[in-house]
Amino acid sequence: MRFSLNWLREFVDIPLSPKVLADKLTMAGLEVESVHNPGAEISGVYVAEVVTVAKHPNADRLSLCDVKTNDKVYSIVCGAKNMLPGDKVALALDGARLPKDIVIKQSKIRGVESQ
């Protein structure tokens, strides 16, 4: 059976880390086959707010978006057509790590710098 530690914490106060909890459950006679931590390999991703959306000058299917975090505004080339000012979006900055060892890099896309 699979269950979320957050779900379990709705019923029981558990101050233990997932690894320690799994060890204690195993020692109590309950089999813990594995502990998964989804998103553990993700870093450098933030929540940002879309400030402006404009058409990319050199591409029909791309947009230029200005997005802001708490401290800075970034210019991003985006392929999504459903972006509106005020939307909250995931922002993976230069150096961010995503699953499958993908590393985000700042680059030019169709002649426009994308952070």
Side-chain angles (χ1 to χ4, degrees):
M1 175 202 285
R2 290 184 177 195
F3 62 88
S4 160
L5 185 57
N6 288 337
W7 174 80
L8 186 60
R9 286 183 171 147
E10 289 180 19
F11 302 101
V12 182
D13 182 31
I14 303 170
L16 306 173
S17 71
K19 170 121 176 62
V20 171
L21 178 61
D23 291 342
K24 287 191 178 285
L25 288 171
T26 300
M27 291 297 120
L30 301 170
E31 181 181 349
V32 176
E33 189 173 307
S34 63
V35 176
H36 298 279
N37 188 3
E41 67 273 13
I42 297 174
S43 67
V45 179
Y46 304 92
V47 175
E49 181 179 349
V50 177
V51 179
T52 63
V53 179
K55 187 176 177 338
H56 192 293
N58 302 322
D60 292 336
R61 296 184 179 175
L62 297 175
S63 301
L64 300 177
C65 298
D66 286 334
V67 299
K68 70 175 181 177
T69 60
N70 288 339
D71 57 346
K72 192 173 176 186
V73 176
Y74 299 91
S75 296
I76 307 294
V77 175
C78 175
K81 293 290 185 190
N82 59 347
M83 304 292 282
L84 296 172
D87 286 351
K88 303 285 192 227
V89 296
L91 173 63
L93 295 173
D94 187 35
R97 297 192 169 280
L98 303 178
K100 299 183 182 177
D101 294 325
I102 295 172
V103 178
I104 300 298
K105 295 178 185 167
Q106 185 170 326
S107 62
K108 273 190 176 179
I109 301 175
R110 295 275 182 118
V112 177
E113 194 72 29
S114 180
Q115 295 175 305

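These numbers come from the heavy atoms of this one structure, side chains and all, not from hydrogens, waters or symmetry mates. Note that the numbering runs from 1 along the sequence shown for the chain. Just so you know, these numbers come straight off a predicted model, no measurement behind them.
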| message | Between Asp87 and Val53, does the side-chain contact (heavy atoms from CB on, under 4.5 Å) criterion hold? Intermediate values first, please. | response | CA-CA 11 Å; Asp87 286 351; Val53 179; over 6 Å; no
| message | Between Arg110 and Leu62, does the side-chain contact (heavy atoms from CB on, under 4.5 Å) criterion hold? Intermediate values first, please. | response | CA-CA 9 Å; Arg110 295 275 182 118; Leu62 297 175; 4.2 Å; yes
| task | Give the C-alpha distance, both sets of side-chain angles, the deciding distance and a yes or no for side-chain contact (heavy atoms from CB on, under 4.5 Å) between Val73 and Val67. | result | CA-CA 6 Å; Val73 176; Val67 299; over 6 Å; no
| message | Using the rule given for side-chain contact (heavy atoms from CB on, under 4.5 Å), can you reason through Val32 versus Ser34, listing the C-alpha separation, both sets of side-chain angles and the distance that settles it, and then say yes or no? | response | CA-CA 6 Å; Val32 176; Ser34 63; over 6 Å; no
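Follow the hydrophobic side-chain contacts under 4.5 Å out from Val20 and you reach Leu5 in the same cluster. Ile104 and Tyr46 fall into different hydrophobic clusters, defined by Ile, Leu, Val, Met, Phe, Trp and Tyr side-chain heavy atoms under 4.5 Å apart, directly or through other members. The hydrophobic clustering, which links ILVMFWY residues whose side-chain heavy atoms are closer than 4.5 Å, places Ile76 and Leu84 apart. There is no path of hydrophobic side-chain contacts, each under 4.5 Å, that joins Val51 to Tyr74. Hydrophobic clustering, with ILVMFWY side chains joined whenever heavy atoms are under 4.5 angstrom apart, groups Leu93 together with Val50.
Two residues are said to be in side-chain contact when any heavy atoms from C-beta on lie closer than 4.5 Å; Lys24 and Leu16 meet this criterion. Put simply, the side chain of Ile109 reaches to within 4.5 Å of the side chain of Ser107, judged on heavy atoms. The shortest side-chain heavy-atom distance between Leu8 and Phe3 falls under the 4.5 Å cut-off. Taking 4.5 Å as the limit, some side-chain heavy atom of Pro99 sits within range of a side-chain heavy atom of Ile42.
With rounding to the nearest 0.5 Å, the separation of CD in Glu49 from CG in Leu91 is 12.5 Å. Atom OG of Ser114 sits about 12.0 Å away from atom NZ of Lys108, to the nearest 0.5 Å. Distance check, rounded to the nearest 0.5 Å: CG of Asp66 to OG1 of Thr52 gives 3.5 Å.
Residues meeting the salt bridge (charged side-chain N to carboxylate O under 4.0 Å, His left out) test with Asp23, sequence neighbours left out: Lys19. Listed by chain and number, the residues in a side-chain contact (heavy atoms from CB on, under 4.5 Å) with Pro57 are Leu64, Val112 (sequence neighbours excluded). Qualifying salt bridge (charged side-chain N to carboxylate O under 4.0 Å, His left out) partners for Glu113, counting only residues two or more places apart in sequence or in other chains: none.
Counting non-hydrogen atoms of other residues, nucleotides and ligands closer than 6.0 Å to NZ of Lys105 gives a total of 12 or fewer. Around NZ of Lys81, the count of heavy atoms belonging to other residues, nucleotides or ligands within 6.0 Å exceeds 12. Within 6.0 Å of CZ on Arg9 lie more than 12 heavy atoms contributed by other residues, nucleotides or ligands.
Using a distance-only test at 3.5 Å, with no hydrogens or angles considered, a donor-acceptor pair links the side chain of His56 to the main chain of Asn58. Counting only distance, with no hydrogens or angles, the side chain of Gln115 and the backbone of Ser75 share a donor-acceptor pair below 3.5 Å.
The nearest pair of heavy atoms linking Cys78 to Cys65 is CB-SG, 3.9 Å.
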